[in-house]
Amino acid sequence: MNEKSLTRKEFLKLSGAAAGAGLLATTGLGGTAKAQNSAMASELLHRPIHSTGEMIPAVGLGTALEFGDLEADFEKRKGAIEALFREGGTVIDTSPTYADAEKIVGRALDELNARDKCFLATKISISGQQEGVEQNAGSQEDLRTNKFDLLQVHNLRDTEAHLETINAMKDAGQVRYVGITHFRENQNEGLVNAIETYPIDFIQCQYNLLDRSIEDSVLPAAREHGVAIMINVPFARGRLFGPTAGQGLEIPEWAKDFGVDTWGKFFLKFILGHEDVTVIIPGTINDYHVVDNIGALRGRLPTQAERERMVQFIADL
Ligand SMILES: NC(=O)c1ccc[n+]([C@@H]2O[C@H](COP(=O)([O-])OP(=O)(O)OC[C@H]3O[C@@H](n4cnc5c(N)ncnc54)[C@H](OP(=O)(O)O)[C@@H]3O)[C@@H](O)[C@H]2O)c1
């Protein structure tokens with residue numbers, strides 16, 4: 001994958017309004033060669049990683065929950081990953097703590113010969129620096145690669161120790177981007193502190209129509225420091241589908257104006273409508289849900305007024 005030589009400041013200055021409006025597709029601003037080769041990918045919304053200017057498709061695939069069940073249907077999970085690449089996505093987020101998800105992702109990438117198409121993100125998720133190094137050795141074995149596009153400190157656990165490891169791996173060419181994750185509202189402050197304290201490329205946190213707590217804390221801090229934002233739990237772990245798709249609720253006519261034809265797209269387009277969001281990683285084991293989720297990258301995004309209407313609509317259910 002290409003890296004771009006613009007400094008973070010230069011990039012922020014250059015991209016400013018266009019990136020904010022969410023209108024950048026794959027352009028000359030350092031997009032991946034693979035994505036540029038794909039006509040389909042070029043129709044999809046891409047967003048910049050501020051520290052380099054590299055553009056990535058703004059929806060990927062998460063692998064928590066059911067994904068890591070090694071006893072379950074591997075071909076189904078491989079099919080979800082295959083669908084991601086076929087539809088023009090690249091980003092996969094996993095963790096050594098998601099049961100056997102890393103083993104499944106590693107085997108699928110191998111069988112699909114897709115490691116170089118993938119923007120692969122995993123985590124260090126354990127206490128103790130040496131324990132973290134050892135855990136990552138296991139990730140390398142399971143994911144069948146010793147290179148990570150993004151390596152993150154999981155849930156702010158032993159942040160300083162693991163950042164030292166991850167930065168050393170970055171210096172050695174094994175890691176392209178450094179990140180920190182969490183998903184709880186009560187850790188927003190810790191994440192803001194981390195953004196202000198450490199030179200990181202990415203943060204990962206929860207944002208959806210039921211939890212917008214990062215809007216006034218984490219998002220402004222990330223913007224100020226030029227840190228890219230990966231959004232986890234976009235469907236509130238599937239809870240958003242209960243009172244909507246689960247009840248057979250029709251998509252409101254006004255949402256069709258900005259290309260929403262499924263509840264999945266409704267929830268993802270709400271998130272993408274926030275100009276600071278870099279990429280969302282909805283979790284699924286189903287190829288047809290991957291197709292739906294990547295579909296949120298087509299067509300226009302809701303305006304601020306439309307986003308407020310979406311918030312009200314869900315609050316009224
Ligand atoms: N601290 C952290 O670092 C942290 C914490 C939490 C999550 N994460 C990451 O974020 C990812 C996303 O979070 P999550 O998986 O917990 O929750 P989520 O993405 O909010 O919801 C996943 C649920 O939504 C369903 N779903 C997905 N796409 C759908 C669609 N288009 N239509 C209908 N249903 C759909 C899935 O069901 P099916 O499988 O049946 O499709 C699954 O039950 C995780 O997989 C993980 O990679 C990171």
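Side chains are part of it too, since the values below use all heavy atoms of this structure and drop only hydrogens, waters and symmetry mates. Whatever order the structure lists ligands and atoms in, that order sets their numbers, starting from 1. No experiment lies behind these values; they were computed from the predicted model shown.
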Assess whether side chain to side chain donor-acceptor pair (under 3.5 Å) is satisfied between Ser125 and Gln135, documenting all intermediate values. CA-CA 8 Å; Ser125 182; Gln135 187 184 55; 4.9 Å; no

Under 4.0 Å between heavy atoms, the region of Asn208 that gets near ligand 1 turns out to be neither

Under 4.0 Å from one or more heavy atoms of Pro282, ligand 1 contributes atoms 19 (O)

So is Tyr98 close enough to ligand 1, meaning a heavy atom under 4.0 angstrom away? yes

For Asn155, the atoms of ligand 1 under 4.0 Å from one of its heavy atoms are 1 (N), 2 (C)

Below 3.5 Å, N or O to N or O, backbone or side chain included: is there any such pair between Gly264 and ligand 1? no

Candidates Ile281, Ile294, Asn232; heavy atom nearest atom 12 (C) of ligand 1 found on Ile281

Looking only at protein heavy atoms, what sits closest to atom 17 (O) of ligand 1 is Arg237 CA, 3.5 Å

Per-atom filter on ligand 1: closer than 4.0 angstrom to a heavy atom of His182 are 1 (N)

For Thr181, the atoms of ligand 1 under 4.0 Å from one of its heavy atoms are 1 (N), 2 (C), 3 (O)

Within 4.0 Å of some non-hydrogen atom of Gly283, the atoms of ligand 1 are 12 (C), 15 (O), 19 (O), 22 (C), 23 (C), 24 (O), 25 (C), 26 (N), 27 (C), 36 (C), 42 (C), 45 (O)

Please find out if less than 6.0 Å separates the ring center of Phe67 from that of Tyr98.
no

A student checking ligand 1 against Asp292 at a 4.0 Å heavy-atom cut-off should list atoms 30 (C), 31 (N)

Within 4.0 Å of some non-hydrogen atom of His154, the atoms of ligand 1 are 1 (N), 2 (C), 3 (O)

Ile285 heavy atoms within 4.0 Å reach ligand 1 at atoms 39 (O)

> Does at least one non-hydrogen atom of Lys123 fall below 4.0 angstrom from an atom of ligand 1?
Replying inline: yes

